[in-house]
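Quick note: numbers below take in every heavy atom, side chains included, and nothing from hydrogens, waters or symmetry partners. By convention here, the first residue in the shown sequence is residue 1. Owing to the predicted nature of the structure, the values given are computational and were not obtained by experimental measurement.
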Amino acid sequence: MQYRVNPRNGDRISALGLGCMRFPGPPGRPDPQQARAIIARAVERGINYLDTAYLYPGNEACVGAALADLGLRDRVLIATKLPHGSVRTTADLDRIFDEQLRRLRTDRIDYYLIHNVTSPAQWDRLRELGIEDWVAHQRAAGRIRQIGFSYHGSAGDFPVLLDAYDWDFCQIQYNYAGEKYQAGTAGLRAAAQRGLAVFVMEPLLGGRLADKLTARARRILDAAATPELVTPAAWGLSWVWDHPEVTMLLSGMAAPEQVDENAAVACRALPGSLTQEQHQVIARVVEEFARTNRVPCTGCNYCMPCPQGINIPGCFSAYNASFAHGWFTGLSQYFTASAVRTTHPKLVSNCVRCGKCARHCPQHIDIPARLADVGHRFQPGPVGWALRAWSRRG
Ligand code: SF4
Ligand code: SF4
């Protein structure tokens, strides 16, 4: 495993971290046995950073139980996150944090993040509630080691937030298709210049830069393959690790074999190891990706559940697939996502535009409007009328 040093406290962190959000299992119920197998393999391969969050249903408890069963707590750094929208009083900070320690079966959180910050005003609100004193108290008690935030706001707001507090680290979305998206390359450099450790999330955009790449994009990568760069995932991860400002990237690995694959890439992908020609290859893939990526959904599920039962990420995935892999492929995925073969299909046309989903989307997608686009593509004219009538019957 390759390790990079947190400039703030000297922690040696594996360049590859385990994002626990995408553990296999039904929504809200990660499978404990599979999670344990993934964590065990990750530690075996040298991974020492595990990322979870209060808001990932069932996830903190699953991670805590696995680490306790495996006896691995002291071999890993645990990161989890504060759901700042749920904090109304200072007492809420204690209540939530104590629950997190209980779920994770630990007496300390190594890396504690304010979750999904989209504007400096959100930090200002927490400050007014006394979070700075609260963090200082937890640090003094040894219950929080490093404090940071995960970010999904604009490029302009990012430096403002960086300068609003003496952060130890930040976590940003970063990948070769999003150099100018959210914090972007400018934000990565700004954070590193301030001496922060920078952790990267969504390096493969929820798989859209890996197994979901178009055939045309894959051909571009295959033509330039080397023994180190065989798969689209290897290209995407290596591109992130090529940046010396990146301390660690998180990958949501869903099977032990995926851990093996990514860990092998992590061993080799040192900063500055991609050639100029390889960067040009990636630039061509970015052009191709932009052509087919109509909705920037990463499949994070933060918008779910929809009260009308609509499978929002599934519908967007089908929509993008219809441009990347052909209309019939997309339609077939849309029917599967909408369970159209059941008695009560949850079509995008069932959306009542309540707006509940869009408030939670870290990608700032206007979900009801974009679901209407999905409807126009898959339920045009008479097809839509017939499906709507069918879905409302009985
Ligand atoms: S706006 Fe539409 S998709 Fe979003 S939660 Fe409401 S009904 Fe569901
Ligand atoms: S629409 Fe937004 S919140 Fe929902 S899965 Fe996609 S990226 Fe996540």
> Is there a path from Leu204 to Leu274 through hydrophobic residues (I, L, V, M, F, W, Y) whose side chains come within less than 4.5 Å of each other?
Replying inline: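 Yes, Leu204 and Leu274 fall within the same hydrophobic cluster.
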> In terms of hydrophobic clustering (I, L, V, M, F, W, Y; side-chain heavy atoms under 4.5 Å; direct or indirect links), are Phe169 and Leu126 co-clustered?
Replying inline: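 The answer is no; the residues belong to distinct hydrophobic clusters.
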Which side-chain N or O atoms in residues 296-303 pair as donor and acceptor under 3.5 Å with protein atoms at least two apart or in another chain?
| unit_1 | atom_1 | unit_2 | atom_2 | d |
| --- | --- | --- | --- | --- |
| Thr298 | OG1 | Glu202 | OE2 | 3.4 |
| Tyr302 | OH | Tyr56 | OH | 3.4 |
| Tyr302 | OH | His115 | NE2 | 2.9 |

>> List the residues meeting ring pair (Phe, Tyr, Trp, His ring centres under 6.0 Å) with Tyr174, not counting sequence neighbours, and say none if there are none.
In response: Trp239, His243
> For Trp167, which residues count as a ring pair (Phe, Tyr, Trp, His ring centres under 6.0 Å) partner, sequence neighbours excluded?
Replying inline: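 Expected list: Trp123, Phe149, Tyr165.
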> Would Arg294 count as a cation-pi partner of Phe316, with NZ or CZ less than 6.0 Å from the six-membered ring centre and within 45° of the ring normal?
Replying inline: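 So Arg294 doesn't make the cation-pi contact.
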Within a reach of under 6.0 Å around [atom1] of [X], are more than 12 heavy atoms found that belong to other residues, nucleotides or ligands?
X: Gln33; atom1: CD; result: no
X: Arg268; atom1: CZ; result: yes
X: Arg125; atom1: CZ; result: yes
X: Arg75; atom1: CZ; result: no
X: Arg284; atom1: CZ; result: no
X: His364; atom1: NE2; result: yes
X: His137; atom1: NE2; result: no

Any donor and acceptor pair, going by atom type alone, linking the side chain of [X] with main-chain N or O of [Y] inside 3.5 Å?
X: Tyr151; Y: Ser154; value: yes
X: Ser238; Y: Ala234; value: yes
X: Tyr3; Y: Gly46; value: yes
X: Gln100; Y: Lys81; value: yes
X: Gln2; Y: Ala269; value: yes

> Given Leu371, which of Val348, Val295, Asn350 fulfils the side-chain contact (heavy atoms from CB on, under 4.5 Å) condition?
Replying inline: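 Only match with Leu371 under side-chain contact (heavy atoms from CB on, under 4.5 Å): Val348.
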>> Applying side-chain hydrogen bond (donor to acceptor under 3.5 Å, both in side chains) as the test, list every pair that has at least one member in residues 207-225; sequence neighbours left out.
In response: Arg208-Asn293, Thr214-Glu288
>> Quick test of your reading: applying side-chain hydrogen bond (donor to acceptor under 3.5 Å, both in side chains), list the pairs with at least one residue in residues 312-328, sequence neighbours left out, ordered by first then second residue.
In response: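 Residue pairs with at least one partner in residues 312-328: Ser322-Arg377.
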> Is it true that the side chains of Asn116 and His84 contain a donor and an acceptor less than 3.5 Å apart?
Replying inline: no
> Checking salt bridge (charged side-chain N to carboxylate O under 4.0 Å, His left out) for the pair Arg36/Asp31: CA distance, chi angles, key distance, verdict?
Replying inline: CA-CA 9 Å; Arg36 207 163 36 230; Asp31 182 274; over 6 Å; no
>> Contact between Leu18 and Ile38 at the side-chain level, heavy atoms closer than 4.5 Å - yes or no?
In response: yes
>> I'd like to check the salt bridge (charged side-chain N to carboxylate O under 4.0 Å, His left out) partners of Arg143; sequence neighbours left out, ordered by chain and number.
In response: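 By the salt bridge (charged side-chain N to carboxylate O under 4.0 Å, His left out) rule, Arg143 matches Asp98.
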> Are Arg139 and Asp168 within salt-bridge range, i.e. N to O under 4.0 Å?
Replying inline: yes
